[in-house]
Engineer: 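The structure follows.
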Number of protein chains: 2
Amino acid sequence: MNSKQSLTPLDNISLTDRVENNLRAYFLENAFKPGDSLPGENEIAEKLNVSRNVVREALSRLRMLGIIESRTRRGMIMARPDILGGLERVLNPFILGKDTLKDIFEMRLILEIGMAEFLFLRKTDKDIEELEVIIKNQSSIHEPTIEEEIEFHTKLYDMTGNETFTRFQVLLIPLFNHVFSLYKKNNKVHQSNHIYHKDLVNILKSGTVEDFRLAMKKHLAPYFKITD
Amino acid sequence: MNSKQSLTPLDNISLTDRVENNLRAYFLENAFKPGDSLPGENEIAEKLNVSRNVVREALSRLRMLGIIESRTRRGMIMARPDILGGLERVLNPFILGKDTLKDIFEMRLILEIGMAEFLFLRKTDKDIEELEVIIKNQSSIHEPTIEEEIEFHTKLYDMTGNETFTRFQVLLIPLFNHVFSLYKKNNKVHQSNHIYHKDLVNILKSGTVEDFRLAMKKHLAPYFKITD
DNA sequence: ATTGTAATTTTGTACTACAAATCAATATTG
DNA sequence: CAATATTGATTTGTAGTACAAAATTACAAT
C-alpha cells in the first residue's frame, strides 16, 4: 500500500460544486435539448435541500457557459452553448502553465499541417482571389508583420468552411504569439530557403495536398524549431 | 442603414456578468499569477458597489474555471486553470448544434493527420513496442471495436508528448462517435483497400512522415467520406 | 520551545425581502 | 364578440442579515 496516496488532500468540494455536477448530469441523463424548460430555482433548491443561494451560484456557472438561459418570470430554459466560451475565458498567458502554453503552441502547428486536406477539398476560385489580394497588400520588402501573418492564415482557416476550427485558431493566436515572442527575446530567428505566403498560394492553385503540407512545414520551420 | 440591425436584442447583461468580466479584466491587466492573493469578497462587493451575493455568483464562475481558489479565512488566491475544463462541461451532444458537432468531427480528422510531424519527432522504441502489444491483443478477425480504436489512437496522441493535445482528443471522442453512429444508422460504411492499425505501426517503424500521413488518411477514409 | 487555547477574520450556507419583468386571468371598451 | 387595458401572481435578480466552519493570529501554559 502506498502511504503517500492516503495523504491525498480530502476533496474540499462545496455544495455549489455538487449542485453544479448534479444539474449537468441531470440535463444529460434526461437528454434535455435547447428550448426545453427547466424547474425554477426554488424548486431545485427544495428538491436538493439546499439554499436558493447555492443553487443560484451553480446556475450562474451554467449560465456563463451558455448551457441555460433565464429571464424574469419566464423561468429557465436549456440553451445552445458556445463550445469555445469556457476556453476563451481562461486564455490568460499569465495564469496558464508553461507546459500548457507549449502544448498550445504545438497544437497550432498540428492544425496548420492537418488542415490541408479540407483546404483542398473546399477551396474555391474566389478564395484564391481573396488570398492574392491579401498578399498583394502585404509589402514584399519586409517580413510580414504579425497582423499580416494572422490575416493570411486566418483566411486559410476560413477556407476550410469549419467555423469552430477557425474560431479555435483565432483564440490560440495570442498565446502562440506570446510564446514566440518570449522565444525571440533569447534566440536569433533565422530562416533560409524560406517559403512565403505567395508560394503557398501558388501551390494551392496548382499543387497537391502533399505539396502544400510540405511547403507549410517549411513556412512554419522557425516555429517548429522552437519545439525541440 | 440596416433596419434589422437596429432591432437587435438589447443586451440583457446582469450585474453578475459585469462583475465577472470586470474581475477577469482586472486579473489580466494586473498580470496576476497563480498564488497571488486577491481581495476578499466583502472588499470587492464594496468597491464595485454591489451585494456580496452578486460578487459570489461571479466568483463561483471563476472558481469553476479554476482561475481562482478560495479557502475559509485564507482568502482567495489566483490559481492555474485547466485550459480544457470549460470545454469539458459543455460537451453534451444533445445541446450542441449540428454544425458544431460536424466541425468537431472534422477537427479530429485534422488532428490525426497533423500529428504525424510530432509523432515521428518523438516516438521511441518503447512506444512502438507498446503499440505492437495493443494491436496484438486486438483480434484481427473482426473490425476493431470502438474501445480498441480508442486505445490505439489515444496511444498515438500520447506519443506526441503533448498532454493538452491528448486530453483534447479524448474529450472529442464521445462526440466523434456520436456523429459517426448517427451516420451509420442511415448509411452503409464500406471500406475496401483498407489500412489497418498494424500497417500504421509498420510505417512508424520504417516509413516517413509523409507515408504515415497518406496511410492515416486512408485509414480514416470512412470518416472523411462523411464530411461531404 | 513546543503545545494548547481563545479571539478574530473570511468563506460557505441559509434565509428574508423586495424590485423588475412578465405571464395569466379578468375587466373594459369599441 | 374581439381587442385592449388592468390587475394579480409568479419567477428571476439584487440586497442584506445572520451564523457556522475553518483557519490565522496572538497569547498563555507547560
Side-chain angles (χ1 to χ4, degrees), chain A residues 7-24 26-27 32 34-81 95, chain B residues 7-24 26-27 32 34-81 95:
Chain A
L7 277 159
T8 196
L10 330 133
D11 1 346
N12 194 9
I13 192 166
S14 66
L15 275 183
T16 301
D17 290 333
R18 280 157 60 185
V19 172
E20 183 217 323
N21 292 333
N22 205 313
L23 286 173
R24 274 191 295 106
Y26 172 70
F27 296 159
F32 279 125
D36 292 354
S37 68
L38 301 169
E41 295 175 356
N42 287 306
E43 187 182 339
I44 295 174
E46 207 175 332
K47 286 253 173 67
L48 299 183
N49 204 29
V50 294
S51 75
R52 187 173 158 229
N53 233 325
V54 167
V55 172
R56 279 188 61 81
E57 287 188 17
L59 291 174
S60 176
R61 300 174 175 187
L62 304 182
R63 242 192 314 276
M64 176 191 69
L65 295 175
I67 293 175
I68 63 169
E69 281 175 8
S70 45
R71 285 186 202 166
T72 313
R73 165 69 196 177
R74 217 181 160 172
M76 287 182 297
I77 57 172
M78 291 295 284
R80 192 180 294 302
I95 61 176
Chain B
L7 278 160
T8 196
L10 327 138
D11 345 348
N12 193 10
I13 193 166
S14 66
L15 275 183
T16 301
D17 290 332
R18 280 156 62 185
V19 171
E20 183 218 323
N21 292 334
N22 205 312
L23 286 173
R24 274 191 295 108
Y26 172 70
F27 297 159
F32 279 125
D36 291 355
S37 68
L38 301 170
E41 296 175 355
N42 288 306
E43 188 181 339
I44 295 173
E46 208 175 333
K47 287 253 173 67
L48 298 183
N49 203 30
V50 294
S51 75
R52 188 174 157 228
N53 235 326
V54 166
V55 171
R56 279 190 60 82
E57 286 188 17
L59 291 174
S60 175
R61 300 173 176 187
L62 303 182
R63 240 191 315 275
M64 176 191 69
L65 295 175
I67 294 175
I68 63 169
E69 281 174 7
S70 44
R71 287 186 200 163
T72 313
R73 164 72 196 178
R74 214 179 162 177
M76 287 182 296
I77 57 170
M78 290 295 283
R80 192 178 294 302
I95 60 177

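Hydrogens, waters and symmetry mates play no part in the numbers below; they use all other heavy atoms, side chains included. Residue numbers begin at 1 in each chain, while the letters A, B, ... track the order of the sequences.
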Engineer: Ignoring backbone atoms, test whether A/S70 places a side-chain nitrogen or oxygen under 4.0 Å from the OP1 or OP2 oxygen of D/dG13.
Structural biologist: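 A/S70 to D/dG13 OP1/OP2: side-chain N or O found under 4.0 Å.
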Engineer: Could you report the tightest heavy-atom contact between A/T16 and B/S60, atom names first, then the distance?
Structural biologist: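 Nearest pair, atom of A/T16 first, then B/S60: CG2-OG, 3.8 Å.
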Engineer: With a 3.5 Å distance limit and no angle check, can you tell me whether A/R80 reaches the backbone of B/I95 through a side-chain donor-acceptor pair?
Structural biologist: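 Yes; judged by distance alone, with no hydrogens or angles, the pair exists.
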Engineer: Using whole Å, what does the distance between atom C1' of nucleotide C/dT13 and atom CG of A/L48 come to?
Structural biologist: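 Taking CG of A/L48 and C1' of C/dT13, I get 14 Å after rounding.
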Engineer: If you check every side-chain atom of A/M76, which of C/dA14, D/dT12, C/dG12 has the closest atom?
Structural biologist: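 Given the options C/dA14, D/dT12, C/dG12, the side chain of A/M76 is closest to D/dT12.
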Engineer: When rounded to the nearest 0.5 angstrom, what is the spacing between CE in B/M64 and CG in B/L59?
Structural biologist: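 Answer for the CE-CG pair, B/M64 versus B/L59, is 12.5 Å.
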Engineer: Give a yes/no answer on whether the side chain of B/R63 brings an N or O atom under 4.0 Å of OP1 or OP2 in C/dG12.
Structural biologist: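 For C/dG12, OP1 or OP2 has a side-chain N or O of B/R63 closer than 4.0 Å.
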Engineer: Does C/dG12 have its OP1 or OP2 closer than 4.0 Å to a side-chain nitrogen or oxygen of A/T16?
Structural biologist: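 Looking at the OP1 and OP2 atoms of C/dG12, neither is under 4.0 Å from any side-chain N or O of A/T16.
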Engineer: Could you tell me the separation between the CD1 atom of B/I13 and the P atom of D/dG13, rounded to a whole number of Å?
Structural biologist: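 Atom CD1 in B/I13 sits about 13 Å away from atom P in D/dG13.
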Engineer: Using whole Å, report how far CD of B/E69 lies from P of D/dA23.
Structural biologist: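 Atom CD in B/E69 sits about 14 Å away from atom P in D/dA23.
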Engineer: Whole-Å distance between D/dA23 C1' and B/I77 CD1?
Structural biologist: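 Nearest whole value for this atom pair: 14 Å.
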Engineer: Salt-bridged, A/R24 to A/E20, with N to O below 4.0 Å?
Structural biologist: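 Looking at A/E20 together with A/R24, the answer is yes, because their closest N to O distance falls below 4.0 Å.
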Engineer: Starting at CD of A/E69, measure out to CZ of A/R63 and round the result to the nearest 0.5 Å.
Structural biologist: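 It is 10.0 Å, given to the nearest 0.5 Å.
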Engineer: Whole Å only: how far is the CD atom of B/E41 from the P atom of C/dT10?
Structural biologist: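 After rounding, the gap between these two atoms is 11 Å.
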Engineer: In whole Å, I'd like the distance from the CG atom of B/N42 to the P atom of C/dT8.
Structural biologist: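 Checked: the CG to P distance equals 17 Å.
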Engineer: Output the rounded distance in Å from CD (B/E20) to P (D/dG13).
Structural biologist: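 Roughly 14 Å, once rounded to whole Å.
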Engineer: Between A/D17 and A/S14, is there a donor-acceptor pair closer than 3.5 Å when you use the side chain of the first and the backbone of the second?
Structural biologist: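 Yes, the answer is positive, given that a donor and an acceptor are paired below the 3.5 Å cut-off.
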Engineer: List, with names and distances, any nitrogen or oxygen atoms from the protein found under 3.5 Å away from nitrogen or oxygen atoms belonging to nucleotides 16-26 of chain C.
Structural biologist:
residue : atom : partner : partner atom : Å
C/dC23  : O4'  : A/R73   : NE           : 3.2

Engineer: Could you list the residues that satisfy side chain to side chain contact (heavy atoms under 4.5 Å, CB included) with B/S51, not counting sequence neighbours?
Structural biologist: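 Testing B/S51 for side chain to side chain contact (heavy atoms under 4.5 Å, CB included), a comparison that skips the adjacent residues, returns B/N53, B/V54.
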Engineer: How many Å lie between CG on A/L62 and P on D/dT12, as a whole number?
Structural biologist: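 That distance rounds to 14 Å.
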